[in-house]
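As structure tokens, the structure follows; a few thoughts come after it.
Here is the naming used below: chain letters follow the sequence lines, and residue numbers restart at 1 for every chain.
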Amino acid sequence: MSDKSNQNDDIVFEAIDLSINALRDDKSELPIVKGVNFKVRRGEVVALIGESGSGKTTISLSALGYCKPGLIFAGGQAKLLGHDVTKMSVNELRPLRGEKVAYLAQSAAATFNPSILINEQVTEAAVLHGSKTQQQADEKALALYKALELPDPENIGSRYPHQVSGGQLQRLMAAMALCGDPDLLVLDEPTTALDVTTQIEVLKAFKHVIKVEEAAAIYVTHDLAVVAQIADHIVVLYNGEVKEAGPTETIINSPQHPYTKRLMDAIKPLPEPGQGEQSSDKHLRTSPALEVKQVDAGYGKVRNGKAAVQVLRDINVAIERGKTVGVIGESGCGKSTLARVMAGLLPPAQGDILLDGEPLPPSVRERTTDQLRKVQFVYQMADTALNPRQRIKDIIGRPVQFYDLASGKDVRKRVDELLELVELPVQFADRYPHELSGGQKQRVSLARALAANPEVVLCDEVTSALDTIVGANVIELLKRLRRELGVSFIFISHDLSTVASFADEIVVLYAGRVAEQGPTDRVLSPPYHPYTRLLISSVPETRVGWLEESSESREAQSAVQGDVKLTEKGCPFHTRCPMAIEGTCAELDPPRRVGALGHIIECHLEFDGLS
Amino acid sequence: MSEQTEHYVAPYDAGVSFDELPDSAPSGKFKFSFTGWLGVIVVAFWVLIALLGPFVAPYGENDLPFPDAYSEFQKPQPGAWLGTDDSDRDVLSRIMYGAGRTMGISFLATVLAYFVGVVLGIGAAVSSPKVDMVISRINDALLSLPSIMLGLVVVAAVGSSIPVLIVTAGLIYSSVIFRLSRALGMEIKVSDYVEAAQARGEGRWWIITKEIWPNARMPLITDFGLRLIYVILFISSLSFLGLGVQPPQADWGSMVRENLGALQYGESVFSVIAPALSIATLTVAINLIVDDVSAHSGGRLSNRL
């Protein structure tokens, strides 16, 4: 903290009784932000934390003097460097934006223009504002690339956005924002869309660069674990009001307000063995509900049992009745591809799919109605998975009708039952999807799958688009359904904590191959595959100082080294593996080592060497 | 709040449960802006004229208000409120007769264009790649021909009559609608909810009518107004060139052509200005309505076009 004497000069941004209202159709106003107060001092990171709908993004955008369409500043002040930006015109704001305050959006991929070189985009704002010449801006950009620990900083600027990885692009976006030496940086959920391994690298880079540049920042997120690493102060928001505010350590270690406590409670425990709920065996039958055997799959034309772009190689998974198999890995590892193969949406190039011990035709078109009914799919984004022009009762009622499970008035009765099953009010039946919140939509999506009385439900990242509390509630719901209905789940996620608490068996995929597979407690205890170890160590702990400690481990260092690449031969993980054997791992396919209880690790190292 | 270094805790009611907040506000009902209302009024006015024109017009289509006098290109005066045209006829009456013809032909042609374009477009989007390829390439060929030239050739070969005009304009413009609805269909086809329907085992008919069409409908309806303007201008252009509506029948485009002489010799230019203004006000008014409708549907239409 700075001296008390010059503390007023230090304040970069201050919200004083800031109120923002939404305009309704009848011109009446609905308060969205209700009198919020907080300050951001130079060199300080203030986190706005809350769930969707809490107004955190709206507040952060007020620092730019911007309101989303349909919103208006209703009262109070948002002072940037002493000037109230809520009362400025667009022309007055223009020199401030980009020069005094910069905004980092959630998705870097959507921010960069795919057809312009990175360096040009990074330096553009600073040069346009006239604060730097092109040469000065280039030098600044280079310094930022180095500070952000980007690989090959001299040349990365002369690449196109698609030529760098997602985590690198996210860091380049930070460079873009910082190039004009802004006094205030507004970061809106910059790591939410990233894999855990990438999140660490980005967080570290952000923290470092904010320190080096002495910038002040507003960091918007719903993730307390992330906040604990990067913020100096936390402002907890709910429904447009500040519920609790204070230094990070105070909030994390001794939360006072019940809402903050609830947020802390919803934090998932670290993935460790023994967290999973014991699932009952009462639904077991002689054959697994669904089984894939030696499946190879990929995209493009299939020739001689090989797809043009081969993603999955030699996958064997069996799901017993009433049990759950978790599939985990970073993006690009083939998790969704595996689910699509099981659903029949992507016929495999080779291998068999068995339903209840009976062979299942590879493609949806060849499957019988009853076979289709038994395997249902739940999508990651409930927003896109529900037809926006259909009412909830039609969305849920259609499978009931289609599979002849009820007819006439009974369909509506079944819809009500299903809504109750997923803990939604029956009145929702007449609504359209856009009138529901994210978690409610995901429940509808689940109800649609359950409407078919399925035996296997394929859940593709069903909680990753949801807030922490909401996601935790959905997991509770899934556990109840598994217990009561005996439905089997394939649970795909990049979130190891969620999988650890829910799955009976875990499949760790890397670049389309099984790295490790076995009962949950086995996979989460040594010996680990090096990739599993990396995933486990990347899950952030809600503890101040965790980031610094973890950066020193060799796993964290290896995580930085790159992204998932599909390889023709050898172990695909060898480029990032801290234990890679020179000359062996890159050339030879790793052998499949089978341990106790069907625990499988594919690695050149023996079990002993891995523990 | 006094100092930020201090720990602030909001007062709270013990009984409050923190329910999930809806993450998007329900979208508002559709409302016309001022310019939108202006558009509606003008369009309503012209539709009324089109329907009632022949009954309330002061003269017949080819009647002469001043049969006994030299009365070419006369100024507006009692008995002929917009003056007279090249054949001494009443301009006001001819505008009223022409309104129905110009708007009717354009409307029917646009409806035909939509019917053909949407059926083929969405059909191509959900068909196998080969069928899609064949339909699309034929359409590309049609699209590559300049529409006015193509119209001229067809009309010159077949002869001009109102049904020929409607079919020609309809088919020429269906190629544009085909492009639009195929693109829309393609975009919707790959969405998760359509895939979910496919995974459920739904047939092609269900997917087209229940999943794709309700979502393609809104942008297509918005585009209808825009396309109607193009067709009005197209029909008027053909008439102006003498291959559209044939004399002595009145139509706005042909009225402009017939009375071009007024610009050089006439005492009044109203015989040219009036039909031209009629075309202009109608198309601008439709545009104003379209603007409001597309703003309501999130401006997404403009991104797609």
Side-chain angles (χ1 to χ4, degrees), chain A residues 1 22 24-25 30 37-39 41 46 51-54 70 233 238-239 241-247 250-251 256-260 262 343-345 364 367 369 372-373 375-377 379 381 384-390 398-399 402-403 434-440 448 452 467 469-470 473, chain B residues 1-32 128-129 187-188 190-204 206-207 209-219 295-300:
Chain A
M1 279 281 84
R24 286 216 190 91
D25 284 336
L30 177 76
N37 288 292
F38 68 95
K39 290 173 193 166
R41 291 197 170 79
V46 172
E51 294 175 89
S52 32
S54 63
H233 275 270
Y238 179 78
N239 205 7
E241 290 169 25
V242 176
K243 289 295 170 201
E244 190 167 353
T250 320
I251 303 267
Q256 298 291 315
H257 196 278
Y259 180 66
T260 320
R262 203 168 142 196
L345 293 167
V364 161
R367 295 186 183 178
T369 311
L372 291 169
R373 180 184 66 77
V375 182
Q376 292 290 317
F377 200 97
Y379 289 84
M381 304 292 293
T384 57
L386 305 178
N387 190 331
R389 302 277 171 189
Q390 287 176 1
R398 179 61 188 172
F402 185 78
Y403 297 122
H434 66 83
E435 293 168 317
L436 271 51
S437 72
Q440 290 164 347
R448 174 175 66 185
D467 284 325
I469 294 179
V470 182
N473 291 343
Chain B
M1 195 172 84
S2 54
E3 258 312 308
Q4 189 155 18
T5 43
E6 282 173 24
H7 185 189
Y8 167 84
V9 183
Y12 51 87
D13 305 329
V16 179
S17 69
F18 298 99
D19 286 332
E20 191 181 345
L21 302 158
D23 46 10
S24 59
S27 62
K29 285 204 185 75
F30 176 65
K31 259 181 156 180
F32 280 117
S128 68
E187 190 184 315
I188 299 168
V190 297
S191 66
D192 287 348
Y193 54 83
V194 173
E195 197 182 76
Q198 284 167 339
R200 197 191 305 143
E202 297 283 3
R204 194 168 285 176
W206 171 278
I207 288 175
T209 55
K210 301 285 173 160
E211 307 285 347
I212 295 183
W213 173 243
N215 288 289
R217 198 169 50 195
M218 196 56 201
H296 175 71
S297 56
R300 273 171 293 174

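- B/Glu202 meets the salt bridge (charged side-chain N to carboxylate O under 4.0 Å, His left out) test with A/Arg398, B/Arg200; sequence neighbours excluded.
- Contact count against chain B (heavy-atom pairs under 4.5 Å) is highest for A/Leu345 among A/Val364, A/Leu345, A/Ile251.
- Residue A/Phe377 does not touch chain B at all, counting heavy-atom pairs closer than 4.5 Å.
- Here the CH2-CD1 distance, from B/Trp213 to B/Ile188, works out to 10.0 Å after rounding to the nearest 0.5 Å.
- Using a 4.5 Å cut-off between heavy atoms, A/Arg367 does not touch chain B at all.
- Top candidate by heavy-atom pairs under 4.5 Å with chain B, chosen from A/Pro399, A/Gly344, A/Ala22, is A/Pro399.
- When A/Arg262, A/Glu244, A/Lys243 are each tested for a side-chain contact (heavy atoms from CB on, under 4.5 Å) with A/Tyr238, only one passes: A/Lys243.
- Summarising the geometry, atom NE2 belonging to B/His7 is positioned 10.5 Å from atom NE2 belonging to A/His257; distances are rounded to the nearest 0.5 Å.
- Chain B forms more heavy-atom pairs under 4.5 Å with one residue of A/Asn473, A/Leu386, A/Leu30 than with any other, namely A/Leu386.
- Between B/Tyr193 atom OH and B/Ile207 atom CD1 the span is 12.0 Å, to the nearest 0.5 Å.
- If you measure heavy-atom distances from A/Gln390 to chain B, the contacts under 4.5 Å come from the side chain alone.
- Using a 4.5 Å heavy-atom cutoff, the side chains of A/Val46 and A/Phe38 are in contact.
- At a 4.5 Å heavy-atom cutoff, A/Thr369 makes no contact with chain B through either its backbone or its side chain.
- With a 4.5 Å cut-off on non-hydrogen atoms, A/Ala343 does not touch chain B at all.
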